[in-house]
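Quick notes on the structure that follows.
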Amino acid sequence: MKRRATAEPADRAAAILQGFDVAGFRCRLVDWFRHQQRDLPWRRDRDPYKIWVSEVMLQQTRVETALPYFLRFVERFPTVEALAAAEEADVLKLWEGLGYYSRARNLLRGARQVMEEFGGVLPDDPEELARIKGIGPYTAGAILSIAYGRPVPAVDGNVLRVLSRLLLVEEDVQKPGTRRLFTQLAAALVCPDDPSAFNQGLMELGALVCTPRAPKCLLCPVREDCRAYAAGRERELPAKGKRKAIPTVDMVAAVVWRGAAVYVYRRPEGGLLGGLWAFPDGERRADEAWEAAAARILRERYGLAVAVSGPLLDVVHTFSHCRWNLRVFQCAWVAGDGAAPDGRWVEVDKLDELAFPASHKKIVAALDGETVSARRGALR
DNA sequence: CAACCGTGGCT
DNA sequence: TAGCCAAGGTT
């Protein structure tokens with residue numbers, strides 16, 4: 001049998017936990033969580049569906065941001081069955097502004113999958129859960145432990161931070177290999193008596209006390225367990241590699257007027273902002289004039305001949321992995337019905353029925369302003 | 001494995 | 001200001 005140069009995660013986890021007071025740590029954490037947890041709507045009951053929705057919304061998203069979306073979503077779609085019967089357009093409209101829109105599409109697909117394959121009930125089996133679109137290792141662990149009381153780990157960013165400090169683990173937490181180590185550690189630590197309180201306690205501690213920049217160690221219920229605190233090194237952890245610089249792209253978009261209607265298209269699934277509506281847009285070429293770029297893109301990509309009348313606004317929008325310098329032009333329609341696969345002429349007052357990304361939502365808002373000022377002008 | 005996929009708030 | 005950060009998943 002061949003032996004690896006580096007220890008397996010399971011062996012390393014066991015070595016790291018040598019001398020750690022597992023039982024005492026569990027008690028202190030769970031006790032703290034029971035008394036100090038925030039009153040959040042998804043903690044009101046253990047409905048697996050609501051836990052699922054909340055966990056998906058909370059992926060890479062702050063509690064305060066997700067909260068109003070969650071309330072609207074479960075009000076409109078209270079059950080898996082209700083969601084499974086929904087139109088994707090309605091789901092995306094409820095998700096508008098929350099970002100990472102594949103989450104919404106996957107949640108809808110997942111709900112339909114649960115109706116067809118699992119009789120409308122989210123399975124409590126790890127391997128079956130993992131087959132559902134949009135449910136990865138963390139979300140599966142969260143649903144299993146919180147909704148079904150199963151003693152499995154749920155490793156999110158909070159848990160990586162808390163455990164890296166607690167156990168003084170110095171590996172780069174962004175590497176997939178390190179993630180496996182922390183999953184082993186969390187699996188060994190999880191409290192069999194109350195996996196829900198333990199896993200949520202770990203995350204709540206990370207959110208409220210063991211925060212990224214200025215951890216509140218003096219308020220920490222498990223300070224006596226913390227190796228980083230003992231070493232005075234809590235601010236050095238977790239270790240993370242540097243982020244790559246993100247590229248900037250010059251973009252043009254156009255508001256093409258044809259009577260009271262403007263042209264919009266639905267972005268293809270799978271790409272950036274997939275499934276959302278947008279004004280016709282495209283990349284400006286190097287050394288190309290902005291207005292010329294607008295005319296060229298409308299002609300080539302959207303089959304529209306227009307007269308570019310002037311800039312409406314500039315939008316600078318930063319995504320997670322790229323940045324747009326977006327210049328928006330108003331245009332008068334000349335010819336062409338529009339050739340985008342999912343293009344439509346929509347009256348301006350009906351634009352609110354469609355889901356737009358934040359960057360193009362600003363264009364819609366600018367048009368509302370235009371309408372208002374035009375009406376004001378007409379009244380004078 | 002590394003790149004892709006949003007958004008808003010904070011320092 | 002520019003960068004960092006937040007209950008990740010998919011390809």
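Just so it is clear, the structure is predicted and the values come from calculations on it, not from any experiment. Sequence lines set the chain letters: A, B, ... in the order given, protein chains first and strands last, and positions in each chain run from 1.
- For Thr61(A) and Lys175(A), each mapped to the nucleotide of DNA chain B holding its nearest heavy atom, the one lying further toward the 5' end belongs to Lys175(A).
- Only His317(A), Thr318(A), Phe319(A), Ser320(A), His321(A), listed by number, bring a heavy atom of residues 311-323 of chain A to less than 4.0 angstrom from any atom of DNA chain B.
- Taken from CH2 in Trp52(A) to CG in Leu107(A), the straight-line distance is 5.0 Å, to the nearest 0.5 Å.
- A tilted orientation is assigned to the rings of Trp324(A) and His317(A), their planes being inclined by 30° to 60°.
- For the pair Leu40(A) and Gly134(A), nearest-nucleotide mapping onto DNA chain C gives the more 5' position to Leu40(A).
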So Phe356(A) and Phe279(A), ring-ring contact (aromatic ring centres under 6.0 Å, His included) or not? Walk me through it. CA-CA 9 Å; Phe356(A) 285 88; Phe279(A) 294 88; 5.6 Å; yes

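- Of the C1' atoms belonging to dA6(C) and dG6(B), the separation is 12 Å, rounded to the nearest Å.
- Here the CG-CD distance, from Leu122(A) to Gln113(A), works out to 10.5 Å after rounding to the nearest 0.5 Å.
- DNA chain C is contacted by Asp156(A), Gly157(A), Asn158(A), Arg161(A) of residues 150-174 of chain A, taking any non-hydrogen atom closer than 4.0 Å.
- Counting only residues at least two apart or in different chains, salt bridge (Lys or Arg N to Asp or Glu O under 4.0 Å) contacts with residues 15-26 of chain A comprise Asp21(A)-Arg28(A).
- Residue Arg131(A) is out of contact with every strand shown, counting any heavy-atom pair closer than 4.0 Å.
- Put simply, the side chain of Gln184(A) does not reach to within 4.5 Å of the side chain of Arg12(A), judged on heavy atoms.
- Among the protein residues, Arg43(A) comes within range of the nucleic acid bases, having at least one heavy atom under 4.0 Å from a base atom.
- Only the C1' atoms considered, dA7(C) is 22 Å distant from dA3(B), to the nearest whole Å.
- Side-chain contact between Pro137(A) and Val155(A): absent, with no pair of heavy atoms (C-beta onward) separated by less than 4.5 Å.
- At a threshold of 4.0 angstrom between heavy atoms, the contacts of Ala142(A) with the nucleic acid are absent.
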Run the side-chain donor-acceptor check on residues 157-168 of chain A: report pairs under 3.5 Å with partners two or more places apart or on a different chain.
| residue | atom | partner | partner atom | Å |
| --- | --- | --- | --- | --- |
| Asn158(A) | OD1 | Arg161(A) | NH2 | 2.7 |
| Asn158(A) | ND2 | Asp156(A) | OD2 | 3.2 |
| Arg161(A) | NE | Cys210(A) | O | 2.7 |
| Arg161(A) | NH2 | Gly206(A) | O | 2.8 |
| Ser164(A) | OG | Leu160(A) | O | 3.1 |
| Ser164(A) | OG | Arg161(A) | O | 2.9 |
| Arg165(A) | NE | Glu234(A) | O | 2.9 |
| Arg165(A) | NE | Leu237(A) | O | 3.0 |
| Arg165(A) | NH1 | Cys210(A) | O | 3.4 |
| Arg165(A) | NH1 | Thr211(A) | O | 2.9 |
| Arg165(A) | NH2 | Thr211(A) | O | 3.2 |
| Arg165(A) | NH2 | Pro212(A) | O | 2.9 |
| Arg165(A) | NH2 | Leu237(A) | O | 3.1 |

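- Between chain A and DNA chain C, the heavy-atom contact criterion of under 4.0 Å yields a 5' to 3' nucleotide range of dG3(C) to dT11(C).
- Considering all non-hydrogen atoms of both residues, Phe33(A) and Ala197(A) come closest at CD2-O, 3.6 Å.
- Checking the phosphate oxygens (OP1, OP2) of dA2(B), no side-chain nitrogen or oxygen of Arg179(A) falls inside 4.0 Å.
- Scanning for salt bridge (charged side-chain N to carboxylate O under 4.0 Å, His left out) contacts around Arg284(A) gives Asp250(A), with sequence neighbours left out.
- Sorted by first and then second residue, the salt bridge (Lys or Arg N to Asp or Glu O under 4.0 Å) pairs with a member in residues 264-278 of chain A read Glu88(A)-Arg266(A), Arg105(A)-Glu269(A), Arg266(A)-Asp342(A), Arg267(A)-Asp281(A); sequence neighbours excluded.
- Ile51(A) comes within 4.0 angstrom of nothing in the nucleic acid, heavy atoms only.
- Sorted by residue number, the members of residues 231-248 of chain A with any non-hydrogen atom under 4.0 Å from DNA chain C read Lys240(A), Arg243(A).
- Partner Trp42(A) forms a ring pair (Phe, Tyr, Trp, His ring centres under 6.0 Å) with one of Phe70(A), Tyr49(A), Phe73(A) and no other, that one being Phe70(A).
- Near DNA chain C, meaning a heavy atom under 4.0 Å from it, residues 77-103 of chain A has no residue at all.
- The shortest distance between side-chain heavy atoms of Arg44(A) and Lys50(A) does not fall below 4.5 Å.
- At least one side-chain heavy atom of Ser320(A) sits less than 4.5 Å from a side-chain heavy atom of Tyr100(A).
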With 3.5 Å as the limit, what N/O pairs link the protein to nucleotides 9-11 of chain B?
| residue | atom | partner | partner atom | Å |
| --- | --- | --- | --- | --- |
| dT11(B) | O4' | Arg213(A) | NH1 | 3.2 |

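- Sorted by first and then second residue, the side-chain hydrogen bond (donor to acceptor under 3.5 Å, both in side chains) pairs involving residues 69-78 of chain A (not counting sequence neighbours) form an empty list.
- The closest side-chain donor-acceptor pair between Gln59(A) and Tyr138(A), if any, does not fall under 3.5 angstrom.
- Glu353(A) CD to Glu347(A) CD: the interatomic distance, rounded to the nearest 0.5 Å, is 10.0 Å.
- Not counting sequence neighbours, the partners of Glu96(A) by the salt bridge (charged side-chain N to carboxylate O under 4.0 Å, His left out) test are Lys93(A), Lys361(A).
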For side chain to side chain contact (heavy atoms under 4.5 Å, CB included), just list the numbers for Arg227(A) and Phe20(A), CA-CA rounded to whole Å, side-chain angles, deciding distance to a tenth of an Å, and then say yes or no. CA-CA 9 Å; Arg227(A) 290 174 179 166; Phe20(A) 186 78; 3.7 Å; yes

